[in-house]
J.: 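Please see the structure below; I have some questions.
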Amino acid sequence: MRPRRALSKLLVEPAAVATGDIAFNLIVFFLVCASSQPDTGRRQDLPASEQTKQAEDKSKHIELALTRQSNVVTVNGEHVRMPDLPQRLRRLLAQTPRAEDKVVVVKSKPDVPYQHWITVTTLVQDAGAIITIQREEERTVTVGN
Amino acid sequence: MKIRRKIMKADVPSVAMGDIAFNLLIFFVILARASDDSHVKWQPAQGTRLESTRGTKVSVIISRENKLYLNGREIGQMQLAAEIEKYLGDLPAGERTVLLKVHNEATAMFYEPVIESISQAGGDLVHVLDEIH
């Protein structure tokens with residue numbers, strides 16, 4: 001009888017001990033990848049703030065007043081509903097031929113939420129205007145006797 | 001007859017070294033990232049047609065509690081413009097991006113002075129928003 005030759009068995013399956021390590025490393029790798037997603041946002045070009053104000057130029061600009069009410073804004077003193085705002089802005093901006101004159105002055109009440117402000121300024125930007133912020137300044141009025 | 005003691009070898013398995021080094025590396029990477037502003041609680045406002053921003057040096061946050069943070073460090077409104085200027089230094093235009101992260105319910109009395117400060121410091125303002133789906 002022919003003697004049976006002992007077959008040298010090769011280890012073909014991965015070491016079970018390493019599987020845990022590999023799984024852990026993969027989890028950490030994907031965790032780090034997921035946490036490093038870039039921020040998404042919207043660029044806004046604001047003219048550099050200046051202390052000197054030219055009153056005669058300001059009179060030409062479109063004035064947009066915002067209040068806490070999110071469905072209506074005031075354009076040059078006139079109440080405009082939000083859906084009508086893009087059209088109104090385009091009409092007003094069409095009257096100023098030079099691109100650098102297409103300035104919209106945004107005045108907000110102190111209680112205007114950021115979401116409303118972003119929505120409105122996005123519409124202004126999309127209409128092709130430059131945004132300028134005019135802040136309400138606190139004034140102390142002393143009343144004499 | 002003298003019985004020989006069996007000498008036991010206790011080697012550190014060299015196979016695991018790579019794994020240990022890799023885990024240490026990731027640990028330190030995560031630690032380094034913990035110094036950013038991820039601990040500040042805020043909910044972004046929603047917007048459309050947003051672009052992704054990378055490689056910015058300065059981020060300003062107005063948190064849920066209306067607190068102001070510059071690169072994760074709480075700061076006062078009065079110091080903001082000067083501090084942003086310090087960070088931006090002499091960077092050329094196009095690399096002066098300042099990320100503004102404002103909690104969606106924050107009011108104008110908090111975010112308008114911040115926008116003004118960024119503008120004063122000569123930063124290129126980017127509002128960080130969530131895309132409307």
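Proteins get letters first, then strands, A, B, ... in listed order; numbering begins at 1 in each. Side-chain atoms are counted along with the backbone in the values below, which use heavy atoms only and exclude waters and symmetry mates.
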J.: Please classify the contact between T48(B) and chain A as side chain, backbone, both or neither, with a heavy-atom cut-off of under 4.5 Å.
T.: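 Both backbone and side chain.
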
J.: At a 4.5 Å cut-off on heavy atoms, which part of L125(B) comes close to chain A: side chain, backbone, both, or neither?
T.: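 L125(B) touches chain A through backbone and side-chain heavy atoms alike.
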
J.: Under a 4.5 Å cut-off applied to non-hydrogen side-chain atoms, are Q44(A) and V126(B) in contact?
T.: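 Not in contact.
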
J.: Treating Ile, Leu, Val, Met, Phe, Trp and Tyr as nodes and any side-chain heavy-atom pair under 4.5 angstrom as an edge, say whether L88(B) and I115(B) lie in one connected cluster.
T.: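 Yes, L88(B) connects to I115(B) through the hydrophobic network.
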
J.: Determine the option with the most heavy-atom pairs under 4.5 angstrom with chain A, choosing from I62(B), T56(B), V102(B).
T.: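 Answer, by heavy-atom pair count under 4.5 Å with chain A: V102(B).
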
J.: Are L100(B) and Y69(B) linked, directly or through intermediate hydrophobic residues, by side-chain heavy-atom contacts shorter than 4.5 Å (ILVMFWY only)?
T.: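 Hydrophobic grouping puts Y69(B) apart from L100(B).
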
J.: Kindly compute the distance separating OG1 (T97(B)) from CG (D39(A)), expressed to the nearest 0.5 Å.
T.: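 Separation between the atoms: 12.0 Å.
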
J.: May I ask you to check whether over 12 heavy atoms, not counting those of Q79(B), lie within 6.0 Å of atom CD?
T.: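 Yes.
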
J.: Work out which heavy atom in E112(B) is nearest to a heavy atom in S108(A); give both atom names and the distance.
T.: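 Looks like OE2-OG, 3.1 Å.
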
J.: Would you sort out whether T122(A) and R49(B) count as a side chain to side chain contact (heavy atoms under 4.5 Å, CB included), showing the intermediate values?
T.: CA-CA 10 Å; T122(A) 300; R49(B) 283 188 283 161; over 6 Å; no

J.: In the single-linkage hydrophobic clustering (I, L, V, M, F, W, Y; side-chain heavy atoms under 4.5 Å), do L99(B) and L129(B) co-cluster?
T.: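 No; L129(B) is not reachable from L99(B) via cluster members.
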
J.: What are the two closest non-hydrogen atoms of T107(B) and P110(A), and how far apart are they?
T.: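 That closest heavy-atom pairing would be CB-O, 3.2 Å.
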
J.: Side chain to side chain contact (heavy atoms under 4.5 Å, CB included) for I118(A) and H127(B)? Distances and angles first, verdict last.
T.: CA-CA 9 Å; I118(A) 277 291; H127(B) 295 270; 3.6 Å; yes

J.: Treat each ILVMFWY residue as a node, draw an edge where side-chain heavy atoms are under 4.5 Å apart, and state whether V60(B) and L50(B) are in one component.
T.: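 Yes, because V60(B) and L50(B) connect within a single hydrophobic cluster, where side-chain heavy atoms sit under 4.5 Å apart.
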
J.: Are L68(B) and I61(B) connected in the hydrophobic side-chain network, where two residues link if heavy atoms are under 4.5 Å apart?
T.: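 Hydrophobic grouping puts L68(B) apart from I61(B).
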
J.: Could you measure the distance from the CD atom of E51(B) to the CZ atom of R42(A)? Nearest 0.5 Å is fine.
T.: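 Going from CD on E51(B) over to CZ on R42(A), the span is 8.5 Å.
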
J.: Under 4.5 Å between any side-chain heavy atoms of V128(B) and T40(A), yes or no?
T.: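 No, every pair of side-chain atoms sits at 4.5 Å or beyond.
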
J.: Tell me whether the rings of Y114(A) and Y111(B) are parallel (<30°), tilted (30 to 60°) or perpendicular (>60°).
T.: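 Answer is perpendicular, since the angle exceeds 60°.
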
J.: Quick one, Q115(A) and E105(B) - any side-chain contact, counting heavy atoms below 4.5 Å?
T.: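 No, side chains not in contact.
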
J.: Looking at A106(B), G122(B), A121(B), P44(B), which makes the most heavy-atom pairs under 4.5 Å with chain A?
T.: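 Ranked by contacts with chain A, first place is A106(B).
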
